[in-house]
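Here is the structure we will look at.
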Amino acid sequence: MIDCDVHIAFDSAGVLLPYLDPYSRDYLERGERGAPNLPIAPRPWLHPEGYMRTDAIPSGGRVPGSDYDLMCEQLLDRFDIDYAILTGDDIIDVSTIANPIYAQALARAYNEWIAEHWLARDERLLGSIFVAPQDPVAAAAEIRRVAETHDRFCQVLLSSNAQRPYGDPFYRPIWEAASDAGIPIAIHLGGHSGINAAGMASGNPTFFWEFHALAAEGAMTHLASVLAHGIFERYQNTAFVIVELGVGWLPGILWRLDNNYKALRKETPWLQKLPSEYCREHVRLTTQPLESPDDPKQLHHVLEAIHGSEVLMFASDYPHWDFDDPTMLPLPKDWAEAVFDRNARALYKLPAARPKVLADGMESAK
Amino acid sequence: VSTVERETRFVACRADTLKPGDRLISEFKGKSIGIFNVGGQFYALFNRCPHRGAPLCQGPLTGTTGCSDTHQTHYERAGEILRCAWHGYEFDVTNGTALVDPRLRVRTYRTTVEDGDLVVYV
């Protein structure tokens, strides 16, 4: 089993100080809203109970996701997970910070912290490369740096809210670097504040649960952009992964995009296939939070329309409040092998054999 | 079982009255058909779009966009693309094929010029 959305945390952003250059270290050490915070712009919708599973709070009241042993107990060992793709936490929102130098330095520091304190600890853990997309050239340089110096980062991860849709030529350096590294670009729920575009296109909703459902709007915007701009004609060796933004909305938007493209092909003559065909080949979606109608068959019809057994990849979102237990997912039974394992293993080019555990204090099998 | 419908010969007009870029839409054998002069060649198409049944032949005769790379576009095939009157689907007026999907085609009819008459076989 592969879990494509596992969050980790630190008790203080001060853990990043050793990885920062003096310019950015000053900001985080003495600057406004510095450590122990990560100085991202705060989301305007506040989860009324905090967005963590309360049973995931480590002893001593520490931050959920900060304790490796508890993560093993509640997730990796409990569900016999082969690989868990780490998707950070607040660092996703580094895209909200106006100063791209500071933002990129934080992302870089976070990548190094993950490599040293998480990936080195357990071969089941895989990293996401965080970058500040507000400076695509610097972001591309960081992708190339990580790809050259580390071997267990499996994708680039960007927030689902942005300054502009990710197919825009502005972001070409990021796509080019990801394609050269042979890794996908993932978007994850986040980035709904600061310098990014308004949270929702028609103005901001009021309550957390509204926002959380409506965040799919950002995924639609990026998906349409990536398909229309011919990202997969131009960059052959990458893919687009949509994380924690729902899946039930996909058939409707693909039907619309196909219809409109057929009529207005001349706007984007570089496309050789229908938007839905590019999507099937190059776009993957993680399951959590999987829509859960009273009658699961209604969901299955929707998922069949998007070739769900090919494009869906399991994610739990541990340790967040809306965690999906892999034993409880209302998916068609004969899709399990593909959705829980095969699709992610193929996308991320993971070996068929499971990694050996190199937990702290354990003898390596070497 | 197959039935073979015999072609019927119709004189549409004097050929020199339909100038390059012009069209004539008329009923032949109960079918609305558009005849186009494209650079001196005549093409006849069924005036019903295979997409949603719109009067295809009332749409503009235009060119279209080609490209050498993403975002590197140029205009091409001026006067050869019939753009449907409703949704704008593009058809190659010379063979009735939709540019977006060659499987989508509109019926075409044979034309000739005989003794100065523009003739369409329906």
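Here is the naming used below: chain letters follow the sequence lines, and residue numbers restart at 1 for every chain.
Looking at B:T73, only its side chain comes within 4.5 Å of chain A, counting heavy atoms on both sides. With a threshold of 4.5 angstrom between heavy atoms, B:H51 does not approach chain A through any atom at all. Heavy-atom distances place no part of B:D101 under 4.5 Å from chain A, backbone and side chain included.
Checking B:T8 against B:K29 by side-chain atom types alone, a donor-acceptor pair falls below 3.5 Å. With no hydrogens or angles considered, no side-chain donor-acceptor pair links A:E310 and A:N343 at under 3.5 Å. Between the side chains of A:D5 and A:T87, at least one donor-acceptor pair of N or O atoms lies under 3.5 Å. Under the 3.5 Å distance criterion, with hydrogens and angles disregarded, a donor-acceptor pair is assigned to the side chains of B:T62 and B:R83. Checking B:S32 against B:N47 by side-chain atom types alone, a donor-acceptor pair falls below 3.5 Å. Side-chain N/O atoms of A:N196 and A:S95 include a donor and acceptor closer than 3.5 Å. For the residue pair A:S159/A:N161, the side-chain donor-acceptor check at 3.5 Å is not satisfied.
Between A:I183 and A:I129, the closest side-chain pair of non-hydrogen atoms falls below 4.5 Å.
Among A:R234, A:Q272, A:R265, A:E267, the residue with the largest count of heavy-atom pairs under 4.5 Å with chain B is A:R265.
How far CG of B:L104 is from OG1 of B:T97: 9.0 Å, rounded to the nearest 0.5 Å.
For B:R48, the CZ atom sits in a loose shell: 12 or fewer heavy atoms of surrounding residues, nucleotides or ligands are nearer than 6.0 Å. Atom CG of B:D16 sits in a crowded spot, with more than 12 heavy atoms from other residues, nucleotides or ligands closer than 6.0 Å.
Contacts from residues 166-175 of chain A to chain B, taken as heavy-atom pairs separated by less than 4.5 Å, involve A:P169, A:R172 in sequence order. Within residues 244-256 of chain A, no residue has any heavy atom under 4.5 Å from a heavy atom of chain B.
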